[in-house]
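Order of appearance sets the numbers: ligands from 1, and atoms from 1 within every ligand.
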Amino acid sequence: MEIVRCRDYEEMSSKAADIVCEEIGKRPDLVLGLATGSTPLGLYRELIDRYGKGTVSFKKIKTVNLDEYVGLGEDDAQSYAYYMRSNLFSHIDIAPGNTHIPDGKNADHESECSKYDAVIDELGGVDVQILGIGHDGHIGFNEPGNAFIPRTHRVKLTEETIEANKRFFERRADVPKFAYTMGIRDIFRARKIIFLVSGKDKAGIIREALKGPITPEVPASILQLHSNVILIGEDKALELLDE
Ligand code: PGA
């Protein structure tokens, strides 16, 4: 795994944007896997900035997001569909029809999951996947458990995830209890993974994920087996890796 150490969040975001733009340059119709949360916000700001300067176009790319809360629709300010629109899509030249996110409003989880799998299959899988990590080691919303779940599924969010994400909601009780998430197989099949990690609070889990055993109890640990992961992290998030 290539590890790129950055002095701060801005450098991490800018290095990630360099790679995304380079990949789009090589393949203008790239399938880009997208993540939400705080970590990729700086990357999205950089991409918007570069688009504004005319150095990149998203006209032909296709995107697939990792996950969505069950019960929230695209007009809910806490949904990931809303997040993507306000933090990236509405500021760049991407075609709305080329963006894909599970439909949190579809209560029929079996149909939603198989629909999303079909979307991923039709796109031929993800070329470049942006990935963060949760404090419990989740990637997407693949929470710790006793098996790696290969494809899109409905997942019960852990208390740790609900605790971490309550900052985006008015009350803790408002955080949805379930989410739809892309499965481990489809994340793992991405041809390149840009793994972003920021904040000192992630130092412990990133060490566990990269230096500990490969186990579904730490879903990100599966990335140890992937042959094309670039970990771009703030120094303080990577400080325990050398111990
Ligand atoms: P964060 O979330 O970027 O807001 O820390 C990461 C994640 O939960 O995957």
Is there a side-chain contact between Glu239 and Lys200 (heavy atoms, below 4.5 Å)?
yes
Of all the non-hydrogen atoms in the protein, which one sits nearest to atom 6 (C) of ligand 1, and at what distance?
Ile133 O, 3.4 Å
Ring-plane angle category for Phe188 and His226, please: parallel below 30°, perpendicular beyond 60°, tilted otherwise.
perpendicular
Atom 9 (O) of ligand 1: nearest protein contact (heavy atom, Å)
His138 NE2, 3.3 Å
Atom 5 (O) of ligand 1 has as its nearest protein heavy atom Lys202 NZ, 2.7 Å
Tell me whether the guanidinium CZ or amine NZ of Arg154 lies under 6.0 angstrom from the six-membered ring centre of Phe178 and within 45° of its axis.
yes
Examine the proximity of ligand 1 to His135 and report which part, side chain or backbone, both or neither, has a heavy atom under 4.0 Å away.
neither
Angle class for the Tyr69/Phe169 ring planes (parallel below 30°, perpendicular above 60°, tilted otherwise)?
perpendicular
Compare all side-chain heavy atoms of Met84 with those of Thr99 and state whether any distance is below 4.5 angstrom.
no
Contact check, side chains of Thr39 and Val197, non-hydrogen atoms, under 4.5 Å:
no
Considering only protein heavy atoms, which is closest to atom 3 (O) of ligand 1, and at what distance to one decimal place?
Thr39 OG1, 2.4 Å
Those atoms of ligand 1 less than 4.0 Å from some heavy atom in Gly134
7 (C), 8 (O), 9 (O)
Where does Arg167 meet ligand 1, judged by heavy-atom distances below 4.0 Å: at the side chain, the backbone, both, or neither?
side chain
